[in-house]
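Right, one structure below, let's go through it.
Below, chains carry the letters A, B, ... as their sequence lines are ordered, and counting in each starts from 1.
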Amino acid sequence: MGIRFILMVNKQGQTRLAQYYEYLTLEERRALEGEIVRKCLARNEQQCSFVEHRNYKIVYRRYASLFFLVGVDNEENELAILEFIHLLVETMDRHFGNVCELDIMFHLEKAHFMLEEMVMNGCIVETSKTNILAPIQLMDKAS
Amino acid sequence: MNPFSSGTRLRDMIRAIRACKTAAEERAVVRKECASIRAAVSDNDNDYRHRNLAKLMFIHMLGYPTHFGQMECLKLIAAPGFPEKRIGYLGLMLLLDERQEVLMLVTNSLKQDLNHTNQYIVGLALCALGNISSAEMARDLAPEVERLLQFRDPNVRKKAALCSIRIIKKVPDLAENFVNPVASLLKEKHHGVLLTAIQLCADLCIVSEEALEYFRKKCTEGIVKVLKDAVNSPYAPEYDISGISDPFLQIRLLRILRILGHGDADASDFMNDVLAQVATKTESNKNAGNAILYECVETIMSIEDSGGLRVLAINILGRFLSNRDNNIRYVALNMLMKAISIDGQAVQRHRATILECVKDSDASIRKRALELVYLLVNENNVKPLTKELIDYLVVSDQDFKGDLTAKICSIVEKLSPEKIWYIDQMLKVLCEAGNYVKDEVWHALIVVITNSSNLHGYTVRSLYRAIQTSCDQEAVVRVAVWCIGEYGDLLVNNVGMLDIEEPITVTESDAIDVIEAAIKQHTSDLTTRAMCLMALLKLSSRFPSSSQRIKDIVNQSKGSLLLELQQRSIEFDSIIGKHQNLRSALVERMPVLDEASYSGRRGGSGVSTSGINNIPNGVVKIVDAPLVDLLDLGVDEPTHPHPHPHPPPPNSSSGANFLHDLLGVGADISSSSPQSGGRNTMHGHKSGTDVLLDLLSSGSPPAPAPAPAPATQKSSSTSDLLSLTQLNNNNNNNNNNNNNNNNKASPSPFSALDTLSSSLPTPGASPMMDLLDGFGPNPTTPPPPTPKEEENGRTYPPIVAFESGALSLTFNLSKQPGSPQITLIEAKFTNKSSQLYTDFVFQAAVPKFLQLHLEPASSNTLPGNASGSITQKLRVTNNQHGKKSVVMRIRISYKLNNKDMLEEGQISNFPRDL
C-alpha cells in the first residue's frame with residue numbers, strides 16, 4: 001500500500017478534503033494535519049516537493065491557492081506521486097472546469113467520488129480521465 | 001416532520017462555516033448542525049438522510065466527532081436507489097473504519113450489492129470492501145470478489161483486483177485462490193486492469209513464496225512483453241502524459257520485475273534487455289520520464305548483477321544529481337542511499353556532487369545528502385570529507401548546524417586515524433559551533449587529550465590560539481581553560497614543539513589573561529567560570545611567580561552571587577595564600593583518564609571495579625567522567641603514602657593522620673563497598689574521624705544516593721573529600737542542576753571541620769585546624785547555613801538602574817527568605833539639578849515571565865540638588881527563576897517648570913539569577 005492519505009488544504013491551512021487509507025483517530029488526524037500543513041506551507045517554490053515527517057514522506061504540490069498533499073510510505077516513487085497529483089488536478093479540472101477551492105468545498109462528495117475512482121486502499125486504480133469520470137457523469141445525467 | 005430536520009441545506013451550512021471568523025464560532029455552527037442531524041436521526045427521517053450524511057462528511061473533515069451518523073450510512077446502503085447507496089458507501093468509508101463493530105452489520109448489504117445486476121453498484125461495493133474490509137468480512141466475501149475478477153466489465157475487474165489485495169493482506173491463507181485469476185488478468189489490454197492486477201501480483205508475491213515462484217516461472221515473460229509494448233506503444237491520448245505512455249503502468253511493471261528478478265539470475269537475465277531499453281529510451285526532460293527512470297534504476301539495483309546495466313543506472317543517478325530540479329536531486333540522493341550497499345565504489349565517485357548537496361538551500365535535500373555523506377565516509381576518505389564538512393560548517397544555516405555538528409563529531413570519533421587529527425578536527429568544530437556541541441563530545445576530547453601525552457604541548461598551544469578567535473563558543477573556552485590550567489607550563493615554555501607548529505611566545509601573564517578574560521566574559525556560564533577558577537588554582541602552582549596576580553583574580557569572585565563561585569574563590573584563595581606547601585601536591589597534573597572505561601560508560605555499561613585495592617592512597621585509576629576530575633581539587637601523587645611530602649611544621653602524627661583521613665580515606669574501604677557514598681566510607685576510622693563523621697552526618701541530610709552522581713569508586717583523596725560534599729550537594733542540586741555534583745565543594749563539611757577544632761582534644765590537631773580554618777565560609781554562623789537560606793535571604797549591592805542627566809535611580813534589591821523567585825526592589829530617585837520636579841510618576845513594564853507589583857511612591861515631588869528623594873517599592877516575581885534574568889523597561893514622567901518631561905529606558909543590569 002503506497003498512499004497513506006490525501007489532503008487538500010488551502011493557503012490558510014484549512015483542510016478542504018481529507019482521505020485516509022489507514023486508521024488514525026480523529027485527534028491523531030487533526031494533529032498530523034496541523035504539523036504537515038505547517039511544515040509544507042512554510043517552504044518556498046524552489047525547494048523540492050518532498051518533506052519527511054514522522055514515518056511518512058509527504059509529496060506536495062501547489063495549485064494556485066490549493067495545496068495537494070499526499071502522504072506515502074518510504075517505498076513509493078515520489079516523482080510518480082507528483083505526477084499523480086497532477087493527474088488528479090487535471091481530472092477535477094475536466095469535470096469542474098478550472099477547479100478551485102470552492103468547487104471542492106461545495107462538491108465534496110463529488111471530489112471524493114473521483115478520488116474513489118482513482119485510488120482504492122492506497123493503490124492507484126485508474127489513470128484514464130475518461131474512465132474516472134464516466135460513472136460521475138452518468139450519475140449527473142441521471143439526476 | 002421535525003422542525004429542525006428540514007434545517008439548512010448543505011450549501012448553506014458550508015457557507016455558514018466559511019463565514020466563521022473564529023474557531024469558537026465554527027464550533028457553535030457545527031454544534032447546531034450536529035444537534036439537528038441527531039434529531040433527524042432519532043426521527044428516522046428518510047427525506048433528508050443523504051443530505052445529512054453529506055453534512056456529516058463535511059463536519060468529519062473539519063475534525064469533529066460524527067459517530068452518531070454511522071447507522072445512517074448503513075440505512076442508506078440498504079436503500080434501493082443508486083444515489084442513496086453511493087452516498088451511503090462514501091459515508092461508510094469516511095466515517096467508519098474496520099475497528100468498529102457496526103461494520104459487521106454491513107456485510108450482508110455488501111454481499112447483496114456484490115451480486116447486484118447493476119455494475120456500478122457492484123463497483124461501489126467493491127470499493128468500500130477494498131477500503132475498509134476487516135478480516136471477518138474478507139473471509140466471508142472472498143468468493144464473491146474472486147468471481148468478480150472475471151466479471152464482464154473491466155472497471156469491475158480492476159476494482160475486484162484491488163479489493164483482493166485487501167483480502168489477502170487480511171487473510172493471507174486465501175492468497176492461493178487468487179494466483180490463477182491474476183495470471184489471466186496480466187494478459188489483458190485494459191490499462192486499469194493491468195495496473196491493478198500487477199499490484200495484486202506484487203502483493204501475492206510478498207504474502208506467499210509459492211506465488212512468487214509461480215509468477216516468476218509463468219509470468220516474467222508476459223510482464224516483460226507488456227513493458228516492451230508500453231515503452232514502444234504509439235501515442236495513446238487517454239494514457240499519455242507529456243509524451244510518455246502511461247507512466248504509472250510502466251512504473252508498476254518495473255516494480256513487479258524488481259520483485260521477480262530479485263535473487264533469481266534467470267529471471268533477471270530475462271529482463272535485462274527491456275530494462276536497458278527503458279533506461280536508454282525514456283525521455284528525461286519531463287517529470288513523468290524521470291519517474292520511470294528512477295524506478296528503473298531501483299529495479300536494476302535490486303535484481304541480480306549485470307555489470308553493464310549497473311553502470312547505466314549509476315550514470316542516470318549521476319545525471320539526476322547534477323539536475324537543477326530539486327525534486328530530481330532529492331530522489332537521486334534517496335536512491336544513492338540504497339545503491340551504496342550494492343556498489344559503494346560507484347557512489348563514491350559522486351562524492352563531490354553529494355557534498356555540494358549538503359550545502360543546498362533546501363532542508364530536505366540537505367538532510368538526505370548529509371545522511372548519505374555519513375554513509376560514504378570510510379577510513380580512506382575521512383580526512384577530505386571531514387575537511388569539506390567543517391569548511392561548510394563555517395557558513396551553514398544556524399538551524400542546520402546542530403545536525404551537521406553531530407554528524408561531524410560522530411564521524412571524527414568513529415574514524416579518526418590519529419590523535420593529532422582528532423584533536424585538530426575537534427578544535428575546528430568547537431571553534432565554529434562550540435555552542436551546538438553536546439557535553440559528551442568535549443568531555444571525550446579532554447579524555448583523548450590527556451591520553452596523548454606527546455601532544456599536550458601542541459594541544460594547549462592550539463587551544464590558546466583558538467580561544468583568541470573563538471571566545472564566544474563556550475565549549476572551546478572550557479576545553480582551553482582546562483588545558484591551560486593543566487598544561488600551562490607547556491604552553492609558556494614551548495615544550496614538546498612539533499615540527500608542524502609555528503613557534504609562539506606566550507608569557508605567564510598571557511596565559512593568565514586568557515583565563516581572566518574567560519571568567520569575566522558575560523556569556524560564560526557557571527560551569528565555565530568554575531573551571532576557570534580551578535585552572536587559576538592550578539596555574540598558581542605552575543607559575544609561582546604569578547601567584548599574587550592569580551590570587552587577585554580569584555579574590556574577585558569572592559563576592560560572587562553564585563554560591564559555587566564564591567565558595568571556590570574563598571577556598572582557592574586560602575589554598576594559594578596560606579597553604580603553599582600543600583598546593584603543588586593538590587594540583588599535580590591529572591593522571592591519564594582511561595579512554596576505555598570512559599567510552600564504556602558512554603556506552604551505558606558499568607565501570608569496572610578492579611584495581612583499587614592495592615593502590616596506596618588512592619590513585620585515580622577509574623574515572624567516571626572527565627568532568628569529575630576536571631576539577632581535581634587535589635589529586636595527590638600516586639607514589640606518596642602521604643599526600644604531601646612536607647607536612648606542616650609541628651608534625652604531629654594525629655594531625656597527619658587526620659589529614660590523611662581527610663584526603664585519603666577510602667583507599668582501602670571504598671573498594672569493599674564501592675557504591676557507598678562518602679559517609680559510609682568514613683566509618684571505622686579513628687576516633688577523630690568519628691567525631692568528624694558525626695559532625696558531618698548531622699550537618700548533611702540523610703541523602704539518597706544522588707542520581708546523577710557517578711558510582712563513587714574513585715579512590716582518590718579528592719573524590720573522598722568531594723564525596724563528603726556530595727551529600728551536601730543534594731541540597732543545592734536544585735539550584736545548580738547543570739553542574740556535575742562533584743564539581744562542588746559546598747561549605748558544610750568544611751565548616752563542620754571548623755567547629756571540630758573546638759571539640760578535638762588532641763593538641764596535635766591544631767596545625768591542621770589552622771590548615772582548615774580557611775575553609776570556614778562564615779565564622780559568624782557556626783551551624784552552616786543551608787544553601788537555600790543563603791540563596792533566599794541574601795541581599796545584593798544596590799545597582800544604579802537608570803541615570804539620565806540630573807535624574808538618577810538606584811535599586812536596592814533583596815530577596816524574601818523562602819521564595820527565591822520574588823525580588824523586592826526599593827527604588828530611590830534623586831534629582832541633582834537645581835530645579836524641583838513635580839508630578840513625578842514612575843512606570844515600569846516587564847516581560848511575560850515576570851510579574852511586577854508597584855507600591856505607591858513616597859511622594860510625587862522631587863526636590864533638586866539631591867536634597868531629597870522619592871522611594872517606591874516594587875515586587876518582581878520571576879516565573880523562570882534560574883533560567884532567565886530580570887529585565888525591566890521604565891518610563892519616568894514629571895513636570896519641570898510646568899513643562900512635561902519624559903524619560904524612558906531599559907534596565908538590564910540586574911544581577912543574574914535574580
Side-chain angles (χ1 to χ4, degrees), chain A residues 1-2 14-24 26-27 29-30 33 43-44 46-52 57 59 74-75 77-84 86-87 102 105-106 108-109 112-113 116-117 119-132 134-135 138-139 142-143, chain B residues 10-11 14 18 54 57-58 61-65 82-83 86-87 90 93-94 97-99 120 123 127 130-131 155 158-159 162-163 165-166 169 191-192 195-196 199 238-239 241 246-249 251 255 287-288 290-291 294-295 298 325-331 334 361-365 367:
Chain A
M1 182 172 87
Q14 293 163 309
T15 309
R16 287 312 178 210
L17 182 146
Q19 173 73 57
Y20 288 80
Y21 298 100
E22 66 180 356
Y23 178 72
L24 288 175
L26 212 55
E27 293 75 31
R29 287 183 185 199
R30 290 192 85 151
E33 284 170 28
R43 293 167 63 85
N44 67 29
Q46 282 80 48
Q47 294 178 320
C48 68
S49 313
F50 317 122
V51 175
E52 287 159 49
K57 199 170 268 181
V59 180
N74 260 325
E75 299 305 308
N77 184 325
E78 296 91 345
L79 297 176
I81 295 296
L82 215 51
E83 208 55 56
F84 168 76
H86 192 65
L87 179 71
L102 292 186
M105 272 189 99
F106 286 110
L108 185 64
E109 76 289 352
H112 269 294
F113 293 145
E116 219 172 80
E117 291 294 326
V119 185
M120 197 174 131
N121 195 26
C123 303
I124 297 174
V125 194
E126 181 61 71
T127 54
S128 150
K129 285 177 265 233
T130 314
N131 282 350
I132 295 165
L138 210 69
M139 182 72 205
S143 60
Chain B
L10 173 63
R11 195 162 267 274
I14 295 173
R18 279 193 77 207
M57 285 189 280
F58 194 90
M61 181 197 72
L62 295 173
Y64 296 93
F82 181 68
R86 187 157 79 163
I87 197 93
L90 182 59
M93 286 183 273
L94 289 175
D97 64 80
E98 56 178 291
R99 298 173 192 211
Y120 293 103
C127 191
N131 275 340
N155 289 318
K158 70 183 183 195
K159 288 185 182 170
L162 281 189
C163 195
I165 294 182
R166 177 104 185 176
K169 279 197 177 152
H191 281 221
L195 189 70
T196 51
Q199 295 181 79
E238 205 32 58
Y239 291 101
I241 289 178
D246 205 343
F248 299 104
L249 180 61
I251 286 168
R255 184 162 293 189
N287 180 56
N290 285 327
Y294 175 46
E295 198 70 39
E298 186 160 2
D325 184 345
N326 272 342
N327 289 342
I328 306 291
R329 286 200 291 160
Y330 177 88
V331 297
N334 213 10
S361 62
D362 184 339
S364 292
I365 290 193
K367 187 164 175 253

So which residue, [options], ends up with the most heavy-atom pairs under 4.5 Å with chain A?
{"options": "B:I365, B:N287, B:L62, B:V331", "value": "B:N287"}
{"options": "B:I328, B:L195, B:N290", "value": "B:L195"}
{"options": "B:G63, B:C163, B:G130, B:G123", "value": "B:G63"}
{"options": "B:I165, B:T196, B:I14", "value": "B:I14"}

_Verdict with supporting geometry, A:E78 and B:N334, side chain to side chain donor-acceptor pair (under 3.5 Å)_ = CA-CA 10 Å; A:E78 296 91 345; B:N334 213 10; 2.8 Å; yes
Is [X] reaching over with its side chain to a backbone N or O of [Y], donor-acceptor style, under 3.5 angstrom?
{"X": "B:N131", "Y": "A:N121", "value": "yes"}
{"X": "A:N77", "Y": "B:Y294", "value": "no"}
{"X": "A:S128", "Y": "B:E238", "value": "no"}
{"X": "B:Q199", "Y": "A:I124", "value": "yes"}

Side chain, backbone, both or neither of [X] within contact of chain A (heavy atoms, under 4.5 Å):
{"X": "B:A288", "value": "both"}
{"X": "B:D246", "value": "side chain"}
{"X": "B:R86", "value": "both"}

*Indicate the ring-plane relationship of A:F84 and B:F248, choosing parallel, tilted or perpendicular according to the 30° and 60° boundaries.*
perpendicular
*Which is it for A:L79 and B:E295 under the side chain to side chain contact (heavy atoms under 4.5 Å, CB included) test, yes or no, and what are the steps along the way?*
CA-CA 9 Å; A:L79 297 176; B:E295 198 70 39; over 6 Å; no
*Heavy-atom contact with chain B under 4.5 Å, split by part of A:I81*: neither
*At a heavy-atom separation under 4.5 Å, does A:Y20 approach chain B through its side chain, its backbone, both, or neither?*
neither
Side chains of [X] and [Y]: does their closest heavy-atom pair fall under 4.5 Å?
{"X": "B:Y239", "Y": "A:N131", "answer": "yes"}
{"X": "A:H112", "Y": "B:M93", "answer": "no"}
{"X": "B:P65", "Y": "A:L26", "answer": "yes"}
{"X": "B:N155", "Y": "A:E126", "answer": "yes"}
{"X": "A:M105", "Y": "B:R11", "answer": "no"}
{"X": "B:L94", "Y": "A:Q19", "answer": "yes"}
{"X": "A:L102", "Y": "B:R18", "answer": "yes"}

At what distance, to the nearest 0.5 angstrom, does [atom1] of [X] lie from [atom2] of [Y]?
{"X": "A:F113", "Y": "B:L90", "atom1": "CZ", "atom2": "CG", "answer": "5.0 Å"}
{"X": "B:L10", "Y": "A:L108", "atom1": "CG", "atom2": "CG", "answer": "8.0 Å"}
{"X": "A:E83", "Y": "B:I241", "atom1": "CD", "atom2": "CD1", "answer": "5.0 Å"}
{"X": "B:D325", "Y": "A:S49", "atom1": "CG", "atom2": "OG", "answer": "7.5 Å"}

If I compare all heavy atoms of [X] with all of [Y], which pair ends up nearest, and what's the gap?
{"X": "A:A80", "Y": "B:I251", "value": "CB-CD1, 3.4 Å"}
{"X": "A:M120", "Y": "B:K159", "value": "CE-O, 3.4 Å"}
{"X": "B:S364", "Y": "A:C48", "value": "CB-SG, 3.6 Å"}
{"X": "A:Q47", "Y": "B:S361", "value": "NE2-O, 3.6 Å"}

*Should A:T127 and B:L249 be marked as a side chain to side chain contact (heavy atoms under 4.5 Å, CB included) after you check the CA-CA gap, both sets of side-chain angles, and the distance that decides it?*
CA-CA 9 Å; A:T127 54; B:L249 180 61; over 6 Å; no
_Using a 4.5 angstrom heavy-atom cutoff, name the option from A:E27, A:E33, A:E117 with the most pairs to chain B._
A:E117
